[in-house]
Amino acid sequence: MKRSNKSPLWQRPAGSEVHEELATHLELRTKEYVDQGMSQRDARRKALERFGDLDRHAAECLREAGIRNRRWRLVAWLDEVRQDLRFALRRFAKRPGLAILLVGMLALGLGTSLTMAGIWHHAFWKKLPFSDPDRLVTLWEEQTTRGKGLNVVGPANFVAFRDGAKTLDQLAGFITVPASLNAEGVPPMRVGARWVTEEYFEVLGIPPAVGRTFRPGDGLLEDPAPAVISHRLWRQHFGGRRDVEGEKLKIDGIPYEVIGVMPPGAALDLGPARAPYGDAADLWRPLPVTEEWATQRGRWLMIVARLADGSAPEEAHAEASGIMDRQREAMPDFNAGWIGHAIPLAEVLREPLELPLTALGGAVLLLLLVVCINASSLLLSRNLARAEELGLRRALGAGRTRLARQFFAEGLLLAGLAAGAGWVLALGLRRLSAASLPEHLAAAASTTEGAVWVAALAAGSMLIIVLALLTGLSGLRAAARPGSTRDFGGGRGRHRARAGMVFAQTALALVLLVGAALMLQTIHRLLSVDPGFDTDGVVAFSVSPPRDYGPERMSNFLDQLMADVGALPGVDRVGAVTAVPMAGLGAGTSFAATDRPEPDAADWPVADIRVVEGAYFAAMGIELVKGRNFDSSDHGEDTVGSVIVSRDLADDLWPNGDALGKGLHINWGDPARERRIVGVVETVHHVDPGTAPRQAIYFPHAQEPERRMSLVLATQRDLAALAPELRGSVAAIDPTIPVYDVHPIRSIVRGTLADRQFLSRVVTAFGALAFLLSIVGIYGVTMLSVTESRQEVGVRMALGARPLEVVGLFVRRVATWTAAAVVVGLSGAILAGHAAERLFFGVSATDPSVLVGVALLVAASALIAAAIPARKAARVDPSRILRWE
Amino acid sequence: MAKDTSSSDLLRGTLDTLILKTLAWGPRHGYGIARWLEDVSDDMLRIEEGSLYPALYRLEKRGYVESEWGVSELGRRAKHYRLTPFGRAQLQRETEDWTRFAQIVSRVLSTEPAS
């Protein structure tokens, strides 16, 4: 059977081709009748009559053409889809406003979801770049009486863990400290230097990108010491040269030789909350474990370990607890009250991100829901409006599946456009969030796996297609009931669906708005907390002299620097401190008063320790409540040291106010040395405005020298102009010392709010958007209702109903729906609020004024949005309405 | 032709011949064929137009006509059919058959009973 068909291969006669051929015939015949003077409708009817049974003839044609061939069917199907797409495109082009609105909304929902999926993937699901990362655990200590959570480990206990742990294959200890990199011709750069015990790279299992990592014996090398550098440092400082092995570096005055380079992402960062010096590492150097470690006091090590084959993290935890039990017996004064923890690495990295990212994810999900509901609503109205056209197409022989395919094509087109726009939006959002997210979340935002985005996009697109199909099919169902567009009874069912969708949006918007209100309140309360120091007009910067700066040289350096900086124009007061409040965790230790019996070692209270110099308190605006600041009478060699304490410490130990002159024993420096209180200052928030302040003890630099100090100065000058002068002052004394972390105190304080501020902005934006969409939706639904009920309104008004009654008719309907939406929304808000309780400060998750306020706002807006079109209905002349029909 | 299924085979065959004859006058689409038949028969030959199409498909399957997509007068896509040489020969055969058949029938019907 020869198929003499001139058409190209891909245009086999297909079902749609048959239909098209027959449709052309009908069109031509109809035109003939119209030209003879018939109406369009009559002409079409006559043409159909004359044609005969359309379906039967079409089926016969198909049979004759032998469309049983499956391959033809597939090609035919694709061809039809292509046609459908073209048709859908044409229809969208006819109503561009609607199309843009739909695509815009869907792109917004998709784009934010993509960004969120990427962030979540990076923060929670992505595999860490170490070999077998699920077998890695971290070890911590914790002081049970203080309840401050995980603490770094003491070297003595590190040795105990290392020697005693059978559930752990290998242990490595490390600490990251800020250091300065000095090189010819470039200003000194601040880097993070990580001191690691020799098993470190083996435990983590990262092969180097270039060269090698440490091997046994490296810890003994000193001049130069071996160093592995980070990928970033390699690129920045050495230009990414492959022959970098053997290159020399000077860091903190110590000579190093580069032996290897790490691949990107290898700098394990346990986060700012977990370490005194939570810097990302630029350089790894050996940390020699000496015999003294077994008896050394102090806690400063982070430990990462690999589980032995067959051991579970819980077993490691139990073992760590057991080892600490033995350590408490072995070193009671040092270890009393301390216990051990072994926590999987993944958990430690994930934990600080969980709440903010979950809250963010929740907000994005709510927005997506609102967008989907809105899009469905728009699509539904549009499909209902063309119910007649659909009915006619049915009559012309288009099967139900054919029409369903049309909706599928529309959904495909919508999904394609929205996906494209959403992708672009997500790229922009990614850049935006990397810039505005707080640091530890920004890392999660700036890298994304293409695969994750594609998966999320595919899921989103399918959702859109399903929506288009569902709304289309329900439009079909409406078309199947002829005349139902006018029929009041049939309209009610559809109207209810639409109204339901609008009010679902309202409920969701309410949840977001409550969240936004609570977050805004939280920020406001946090900002209005008095931190105990001046937030305006104070500037800080840090310096890190090299290791060869002894106490005396450091002291001289500080004095010189403070004098020089103080001499700068516009600088009023200068001081120095080990750690500026709220700039990250500082050191702390336990202490006891000498004028009473010493409590058990486990019960010694703990205070934040700071070493200060110069006019620190004056510069920071910390009030000196009693006594004096440190001065030249506090010498290093004094038998009895001087300390200044915070007011709450003084009030706690000496409630009747005579703290001055009292003595303290402090586990710092020389624990045997007695310290006398020479001054009392106001209590200061050292962590963030939301955390209750801890008692603080201040040492004079002369008596407890420290190498890394931050300078604090009171000035009204703009920092941008002042900063170069500050750097200049340091360089004038010693050009090898880097200056870093130059910030106004205000931005440091705000930095602690970064998480919440970002979240509150996002939730507020989403809430406003959702609110707007739902109000517009209410307006639209009421408008629709008004147009549909034209007849009824006309009748009522003709029978004497007053305009106000008519308005009340519509508003009442809206009021019931709004009440339901408010109830559902408030319940949702309360549930969500409880879950996110930790985010809020100074306001309860179920604060009644917030709940009532938002509910009133939403209700009032909804009623107004309904009243406007209702009023329009009431104003129309009833006689006109009745005549129109 | 009415939907008379008892004589459907004969009628279908006749329709095929009529279509071939139409196309002998030049290529047309389905509507064009219907209109030509209308005009030539002074609208006395009332065909159920839809049945033209299965017929066309049949003829195409047998190789008597070939089709090509073009554009109708109103701008819509329309399939145009054209007679093949094979179809032309078939038309010749069928015309002869029909003429002979008509002559035979006519002869039989024109006989008078002997009175």
Side-chain angles (χ1 to χ4, degrees), chain A residues 1-36 40 43-44 46-69 79-80 83 86-87 396-397, chain B residues 1-5 8 11-12 15-16 19 23 27-39 43 45-87 90:
Chain A
M1 170 176 64
K2 178 162 100 86
R3 276 233 61 83
S4 52
N5 193 338
K6 287 264 176 62
S7 331
L9 186 66
W10 50 271
Q11 258 184 7
R12 302 272 182 203
S16 76
E17 299 222 334
V18 169
H19 279 298
E20 183 153 14
E21 194 179 355
L22 305 198
T24 306
H25 182 116
L26 284 167
E27 201 178 87
L28 288 164
R29 183 60 79 184
T30 306
K31 178 159 189 311
E32 187 193 326
Y33 286 142
V34 165
D35 288 342
Q36 289 172 12
Q40 181 81 349
R44 217 191 324 246
K46 190 138 189 251
L48 268 171
E49 252 178 55
R50 188 161 177 167
F51 197 86
D53 190 335
L54 181 59
D55 283 332
R56 188 169 64 90
H57 289 308
E60 271 188 52
C61 288
L62 287 174
R63 224 186 354 259
E64 292 295 345
I67 307 287
R68 297 207 191 282
N69 188 327
D79 188 49
E80 285 175 10
Q83 256 189 349
R86 231 191 339 218
F87 191 64
L396 278 180
Chain B
M1 292 158 194
K3 290 185 220 177
D4 190 355
T5 49
S8 60
L11 296 173
R12 208 188 284 152
L15 181 59
D16 286 0
I19 292 174
L23 291 178
R28 284 187 180 9
H29 48 54
Y31 176 71
I33 296 173
R35 285 303 307 274
W36 192 86
L37 287 170
E38 230 178 272
D39 293 341
D43 212 11
L45 194 59
R46 282 306 195 102
I47 308 171
E48 189 190 17
E49 289 180 357
S51 54
L52 280 175
Y53 287 92
L56 282 164
Y57 275 66
R58 261 198 317 275
L59 290 170
E60 191 172 11
K61 197 163 76 174
R62 292 203 201 114
Y64 298 152
V65 305
E66 50 188 19
S67 67
E68 192 175 31
W69 278 98
V71 180
S72 76
E73 293 82 10
L74 292 182
R76 214 188 158 130
R77 280 212 314 168
K79 219 177 193 183
H80 289 74
Y81 294 89
R82 174 191 16 247
L83 209 55
T84 62
F86 194 39
Q90 177 69 4

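Chain naming here is simple, since letters A, B, ... match the order of the sequence lines and numbering starts at 1 in each. Since the model is a prediction, treat every value here as computed from it, not as a measurement.
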So which atom in [X] and which in [Y] form the shortest heavy-atom distance, rounded to 0.1 Å?
X      : Y      : answer
P54(B) : C61(A) : N-SG, 3.4 Å
A34(B) : H25(A) : CB-CE1, 4.1 Å
S51(B) : H57(A) : N-CE1, 3.3 Å

**Study point:** Region of F86(B) that comes under 4.5 Å of a non-hydrogen atom in chain A
**Key:**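 F86(B) has no heavy atom closer than 4.5 Å to chain A.
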
Distance (rounded to the nearest 0.5 Å) between [X] [atom1] and [Y] [atom2]:
X      : Y      : atom1 : atom2 : answer
R77(B) : Q83(A) : CZ    : CD    : 6.0 Å
H80(B) : E21(A) : NE2   : CD    : 10.5 Å
L26(A) : E49(B) : CG    : CD    : 8.5 Å

Point to revise | Electrostatic pair E73(B):K31(A) at N-O distance under 4.0 angstrom | key: no

Are any non-hydrogen side-chain atoms of [X] and [Y] less than 4.5 angstrom apart?
X      : Y      : result
E20(A) : R76(B) : yes
L28(A) : H29(B) : yes
Y53(B) : E60(A) : no

